[in-house]
Amino acid sequence: MLDIKFIRENQEAIRDASRRKKVPCDLDRLVEVDARRRQIQVELDRLRHEQKEGGAQLALYRNPKSPWRRRAAEEGVSEQEIAAETERLQARLNEIKAGTKALEEEDRQVQADFQQLMLTVPQTPAADVPDGEDETDNRELRRVGEVPKLDFPLLDHVELGAKLGIVDIERGVRLAGTRNYMLRGAGTLLHQAVLRFAFDLMIQRGFEPVTVPVMVKEEVMQGTGYFPLGRDQAYLCERDELSLVGTAEVPLTALHTEEILDETDLPKRYVALSPCFRREAGAAGKDTYGLYRIHLFDKVEQVIICRNDEAVSLEHHQEILAHAEAVMQALELPYRVVNVCTGDLGQGQVQKFDIETWMPSRGAYCETHSASRFHEFQARRLNMRYRDASRKIHFCHTLNNTVIASPRVLIPILELYQQPDGSIVVPKVLRPYMGDMERIGPR
RNA sequence: GGAGAGGUGUCCGAGCGGCUGAAGGAGCUGGUUUCGAAAACCAGUGUGCGGGUAACCGUACCGGGGGUUCGAAUCCCCCCCUCUCCGCCA
């Protein structure tokens, strides 16, 4: 959500963002509703003011012991005159009541429309976000690590996994349908090892580990910007009015909802390991092979909540990106960093850097991480603020990034660490998490 | 799931239907005092929205939503949440 004042004064920028991000937003309607909203408030305030004063006066008229009555008596105002005046005032107040009631009714509708429309306004992208339609227009910033030259016929992760008995897609699908899987034996250990390694690295880097709820209320989904636009991507537990989160970004970012923090407590650095649930609606037929696009995975996510300062935000953006890169470098996986283009940006994102890791079976660098900054967008929706040294209140800025998501990252690990004999060498940094296992061989 | 208690400002805690944005305390900030500190004393100390260049003014908010009333933190209805006891259970 953006500041309505900012929206009013920067309509062209919003229109531009809406077009370039391909986020539909009826700005004309919003501006119209906003004008009416303010009109109503001025009128309502006026009516309520008159009501308050009139009501107080009426109390004085009606109370025989009031100072006003005493004064009136001294000045020789007759009982009849007071009674007449009381009646006149009562009539006026009844009139006001009717007027207020009608206006309040309209106000309710207008406020609802206003809120609805406000939720659709896109954040304006940063100046250095490249223009573009979709992910093919993302701009590569750098490549890190060498793609190893393996001079034997490569197997993909599905074949490797099946041969080694560590990835069981067939049975996963049998139990839960398409885009489901089972990890088994060393596959499960590898999965856990990757997550735990990443988690520990973040703790070392000063992030507070948090265990989060993965079923959250409507407001939380809306507050983080996933609803209403992304509603069909989420699994809903309608009976309990809860949604399964697609990432721990949601509960972590919303952690201080409705709070006013102290500036001295910022930035907040949080890390959580959670399951992530994604319906992948609209992705039918896309990436159906293997462990790439699946309904359930585990992810270590990092979130920073910081001061409302563009420069500070930028700095943290680089910081969270660096943490993720450190993980990839420790795993010795070749990756590249891309500056995500406007068409591929989410509604609330100011800018997003993806890390794409080389996946031999796909013959491409593919997204494994996504680092976003939002400025106030999420904080406004969540009403998450802080007080600065001069007691002024501001909305926080928020940022988040993947630390590691598995099993997707198992794709490059399995495929790049495979040996001619079909076994997998365990990346060095993961061995302590796997009972010093150095190699995954056939059972 | 059954029974009871309760939800008020940063916290604790009052609150006959109008004079209560809300007593009183604590905390915090500033000042006085002190060589300095503590203590004591004095003053200030919620958020949103609207209007105004501004000082400021208006209005809303006492878990949420309706209702009664000229007027509701205070009365009525519905919902939510927390706590205690009992039952069940990873």
Side-chain angles (χ1 to χ4, degrees), chain A residues 1-9 30-71 82-119 211 213-220 222-223 237-243 254 256-266 275 308 376 379-396:
Chain A
M1 188 135 53
L2 270 52
D3 185 355
I4 183 62
K5 291 184 196 120
F6 175 86
I7 296 173
R8 279 201 290 265
E9 287 156 22
L30 175 60
V31 170
E32 202 179 290
V33 169
D34 173 51
R36 181 61 190 147
R37 180 185 68 100
R38 283 181 295 156
Q39 221 172 42
I40 289 174
Q41 193 185 339
V42 170
E43 182 61 15
L44 260 183
D45 281 0
R46 222 204 70 226
L47 283 174
R48 287 203 264 241
H49 179 58
E50 193 182 343
Q51 141 61 34
K52 261 190 163 177
E53 300 224 303
Q57 186 60 41
L58 194 65
L60 296 179
Y61 285 169
R62 291 244 168 94
N63 181 357
K65 282 181 282 200
S66 73
W68 185 89
R69 286 285 288 250
R70 202 177 319 127
R71 210 172 324 115
I82 292 174
E85 185 54 26
T86 303
E87 203 166 311
R88 195 203 56 78
L89 182 56
Q90 177 72 67
R92 173 61 190 147
L93 287 176
N94 287 340
E95 227 173 84
I96 292 173
K97 188 185 184 177
T100 310
K101 201 164 183 178
L103 255 193
E104 275 173 346
E105 217 144 287
E106 188 188 349
D107 189 51
R108 233 181 299 237
Q109 186 56 51
V110 169
Q111 291 291 355
D113 290 349
F114 178 70
Q115 278 311 319
Q116 241 14 35
L117 287 161
M118 282 295 277
L119 289 178
T211 302
V214 295
M215 293 160 69
V216 301
K217 296 181 183 175
E218 185 81 11
E219 305 93 89
V220 177
Q222 193 167 90
C237 310
E238 278 108 337
R239 192 159 63 158
D240 301 294
E241 293 180 340
L242 295 169
S243 307
H256 294 289
T257 296
E258 298 288 340
E259 290 182 37
I260 300 179
L261 301 165
D262 200 295
E263 182 172 4
T264 55
D265 293 332
L266 299 177
N308 191 317
E376 315 176 338
R380 270 188 185 277
R381 289 176 166 232
L382 295 164
N383 200 24
M384 180 166 70
R385 298 169 292 174
Y386 70 92
R387 211 184 297 273
D388 69 18
S390 59
R391 313 260 320 145
K392 274 195 71 179
I393 289 175
H394 311 271
F395 286 101
C396 303

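So you know, we letter chains A, B, ... as the sequences are listed, proteins then strands, and number each from 1.
Atom CZ of Arg38(A) is separated from atom CD1 of Ile4(A) by 7.5 Å, given to the nearest 0.5 angstrom. For the atom pair CG of Leu119(A) and CD of Gln222(A), the computed distance is 4.5 Å after rounding to the nearest 0.5 Å. Here the CZ-CG distance, from Arg36(A) to Asp113(A), works out to 12.0 Å after rounding to the nearest 0.5 Å.
Against RNA chain B, the stretch residues 41-57 of chain A makes heavy-atom approaches under 4.0 Å through Gln41(A), Val42(A), Asp45(A), Arg48(A), His49(A), Gln51(A), Lys52(A), Gly55(A).
The side chain of Arg387(A) places no N or O atom within less than 4.0 Å of a non-bridging phosphate oxygen (OP1 or OP2) of G46(B). Phosphate contact (OP1/OP2 of G66(B), side-chain N/O of Arg108(A), threshold under 4.0 Å): present.
Look at CZ on Arg36(A): it is 15 Å from P on G50(B), rounded to the nearest Å. Whole-Å rounding puts the Ile4(A) CD1 to G51(B) P distance at 12 Å. Rounded to whole angstrom, the span from the NZ atom of Lys101(A) across to the P atom of G71(B) amounts to 10 Å. Rounding to whole angstrom units, CD of residue Gln111(A) and C1' of U59(B) are separated by 13 Å. At whole-Å resolution of the value, NZ in Lys217(A) and P in G64(B) are 13 Å apart.
Panel note: side chain Tyr386(A), backbone Thr264(A); no donor-acceptor pair is recorded below 3.5 Å.
Comparing Ala59(A) and Arg37(A) by the nucleotide of RNA chain B whose heavy atom lies nearest to each, the residue mapping closer to the 5' end is Ala59(A).
In summary, the side chains of Asn383(A) and Arg385(A) do present a donor paired with an acceptor at a separation below 3.5 Å, with no hydrogens or angles considered.
Between Arg381(A) and Glu219(A), no side-chain nitrogen of the basic residue sits less than 4.0 Å from a carboxylate oxygen of the acidic one, so the salt-bridge criterion is not met.
The side chain of Lys97(A) lies closest to C70(B) when the candidates are U47(B), U68(B), C70(B). Closest contact between the side chain of Arg385(A) and the listed nucleotides G71(B), G50(B), G48(B) involves G48(B).
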Identify the pairs formed between an N or O of the protein and an N or O of nucleotides 26-30 of chain B at a distance under 3.5 Å, and give each distance.
none

